[in-house]
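Here the structure comes first, spelled out in structure tokens, and everything after it is commentary.
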Amino acid sequence: METNKIKLHHPQLVRLLQMAYSAEKAAAFAYQGHAGSVQDPEEKKQIKQIEDDEWNHRREVLAIMNHYQVPVSVYFEIRFHIIGKLISGSCYVIGWFMPYYFAGRLESGNVCEYFRMMQYFHESGITEHNEILYEMGIKEKEHEIYFLSKIKNKKMLPFFEKLFGWGSSKSFNDVDLDQKYPVEASKKYCRK
Ligand SMILES: [Fe+2]
Ligand SMILES: [Fe+2]
């Protein structure tokens with residue numbers, strides 16, 4: 001049976017989907033380098049799990065894109081491929097702290113991408129992706145908290161926090177895992 005495909009008339013949403021799809025690949029590549037560069041087997045395993053999470057996100061975003069016939073952006077695919085590989089390689093030369101720090105900082109920014117996507121869908125009258133977008137946004141928050149937990153007692157953190165605007169007391173999102181909104185209320189996240 002032929003299903004009618006709906007088109008999205010929301011340029012910001014289309015762009016955000018295309019960017020998120022490609023950026024998930026960059027993240028997954030980066031975590032390959034990160035996992036490869038740490039010595040501790042437990043850390044390797046945890047970072048590998050996060051890499052798998054990002055490949056999952058990429059699949060989920062693609063499923064949504066296909067649903068609305070949103071094409072993959074060749075430009076973003078190439079751009080984020082290069083970025084991901086560069087970050088991956090750099091993990092082997094910049095020491096232990098920085099890959100953890102910048103991963104956490106990046107994840108912190110990614111959280112709101114999925115909640116903003118949800119808001120954009122709502123602007124188009126679509127609520128059917130709420131669950132999956134919520135799940136992905138919360139997962140990015142878990143990633144942020146994991147990376148922060150690894151470095152929060154390191155003495156370099158206050159210095160980096162001051163310099164790069166993320167750390168124990170500064171985040172790029174307003175999600176609190178200990179007091180989460182339920183899915184229905186989560187459109188309140190990331191409003192500022
Ligand atoms: Fe992700
Ligand atoms: Fe993530």
Side-chain angles (χ1 to χ4, degrees), residues 11-39 43-66 70-118 120 132-133 135-151 154 156-157 159-167 170-173 175 190:
Q12 285 165 296
L13 174 55
V14 167
R15 200 183 145 80
L16 187 54
L17 283 163
Q18 290 172 322
M19 207 181 76
Y21 173 74
S22 300
E24 290 292 356
K25 178 174 69 172
F29 281 165
Y31 293 135
Q32 289 171 355
H34 192 184
S37 69
V38 297
Q39 301 297 319
E43 288 178 8
K44 268 189 202 299
K45 217 172 76 193
Q46 289 158 344
I47 300 166
K48 171 73 173 95
Q49 175 58 55
I50 294 176
E51 182 205 335
D52 292 345
D53 292 342
E54 310 302 9
W55 289 124
N56 270 333
H57 288 173
R58 185 164 152 94
R59 266 190 296 276
E60 298 289 0
V61 174
L62 185 64
I64 296 175
M65 288 166 74
N66 286 341
V70 172
V72 168
S73 157
V74 175
Y75 169 73
F76 283 143
E77 276 296 277
I78 294 171
R79 188 192 148 121
F80 282 104
H81 190 106
I82 295 168
I83 290 174
K85 291 290 184 189
L86 281 175
I87 299 174
S88 181
S90 77
C91 289
Y92 293 92
V93 292
I94 58 178
W96 182 93
F97 178 84
M98 277 201 270
Y100 271 108
Y101 179 83
F102 287 108
R105 191 183 183 282
L106 187 90
E107 295 286 355
S108 183
N110 287 349
V111 174
C112 279
E113 286 194 354
Y114 289 113
F115 290 108
R116 214 171 306 123
M117 237 180 242
M118 191 194 289
Y120 288 162
I132 190 69
L133 295 172
E135 207 180 278
M136 292 196 285
I138 295 293
K139 183 61 80 181
E140 304 299 18
K141 184 68 193 184
E142 289 169 9
H143 293 168
E144 176 188 2
I145 296 302
Y146 165 72
F147 290 120
L148 183 62
S149 76
K150 298 296 293 182
I151 55 171
K154 302 288 175 209
M156 265 199 281
L157 183 59
F159 173 71
F160 272 71
E161 185 162 354
K162 208 167 230 172
L163 209 56
F164 297 105
W166 175 84
K170 281 188 204 145
S171 174
F172 295 117
N173 61 76
V175 177
C190 306

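We number each residue from 1, following the sequence as shown. In what follows, every heavy atom counts, from backbone to side chain, and hydrogens, waters and symmetry copies are set aside.
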Any side-chain heavy-atom pair from Ile47 and Tyr100 closer than 4.5 angstrom? yes
Answer whether the closest heavy-atom distance between the side chains of Ile87 and Phe29 falls below 4.5 Å. no
Tyr92 atom OH, over 12 foreign heavy atoms within 6.0 Å: yes
With the side chain counted from C-beta on, respond yes when Tyr114 and Ile132 share a heavy-atom pair under 4.5 Å apart, and no when they do not. no
Are there over 12 heavy-atom neighbours, none belonging to Lys154, within less than 6.0 Å of that residue's NZ? no
Distance in Å, Glu107 CD paired with Lys141 NZ, rounded so as to fall on 0.5 Å steps: 11.0 Å
pair Phe80-Met19: side-chain heavy atoms closer than 4.5 Å: yes
Are Phe102 and Phe160 close enough that some pair of their side-chain heavy atoms sits under 4.5 Å apart? yes
Ignoring hydrogens, what is the shortest heavy-atom contact between Pro99 and Trp96? Give both atom names and the distance. CD-O, 3.5 Å
Between Asn56 and the options Arg59, Glu60, Arg58, the side chain to side chain donor-acceptor pair (under 3.5 Å) test singles out Arg59
Any heavy-atom pair between the side chains of Glu54 and Glu140 that's under 4.5 Å? yes
What are the two closest heavy atoms between Val111 and Glu144, and how far apart are they? CG2-OE1, 4.2 Å
Ring geometry between Phe147 and Tyr31 (parallel below 30°, tilted from 30 to 60°, perpendicular above 60°): parallel
If every non-hydrogen atom of Glu51 is compared with every non-hydrogen atom of Ala28, which pair is closest and at what distance? CG-O, 3.5 Å
Between Glu77 and Lys25, is there a side-chain N and carboxylate O pair less than 4.0 Å apart? yes
Charged N to carboxylate O under 4.0 angstrom, Glu113 versus Arg116? no
Going from CD1 on Ile151 to CE on Met156, what distance comes out if it is rounded to the nearest 0.5 angstrom? 9.5 Å
Looking only at heavy atoms, the pair that brings Pro71 and Met65 closest together is O-CE, 3.5 Å
How long is the span from the NE2 atom in His34 to the OG atom in Ser90, to the nearest 0.5 Å? 10.0 Å
About how many Å separate CG of Leu157 and OH of Tyr101, when rounded to the nearest 0.5 Å? 7.0 Å
Any side-chain heavy-atom pair of Phe76 and Arg15 under 4.5 Å: yes
side-chain contact (heavy atoms from CB on, under 4.5 Å) assessment of Asp53 paired with Glu142: CA-CA 11 Å; Asp53 292 342; Glu142 289 169 9; over 6 Å; no
To the nearest 0.5 Å, what is the distance between CD1 (Ile83) and CD1 (Ile78)? 12.0 Å
Asn173 and Cys112: which non-hydrogen atoms are nearest, and at how many Å? CB-SG, 3.6 Å
Short side-chain to backbone donor-acceptor contact, Ser108 and Phe172, under 3.5 Å: yes
Would you say Tyr146 and Gln49 make side-chain contact, with heavy atoms under 4.5 Å? no
Minimum-distance pair of heavy atoms, taken over all atoms of Phe115 and Cys190: CB-SG, 3.9 Å
Leu17 side, atom CG; Ser22 side, atom OG - distance, nearest 0.5 Å: 11.0 Å
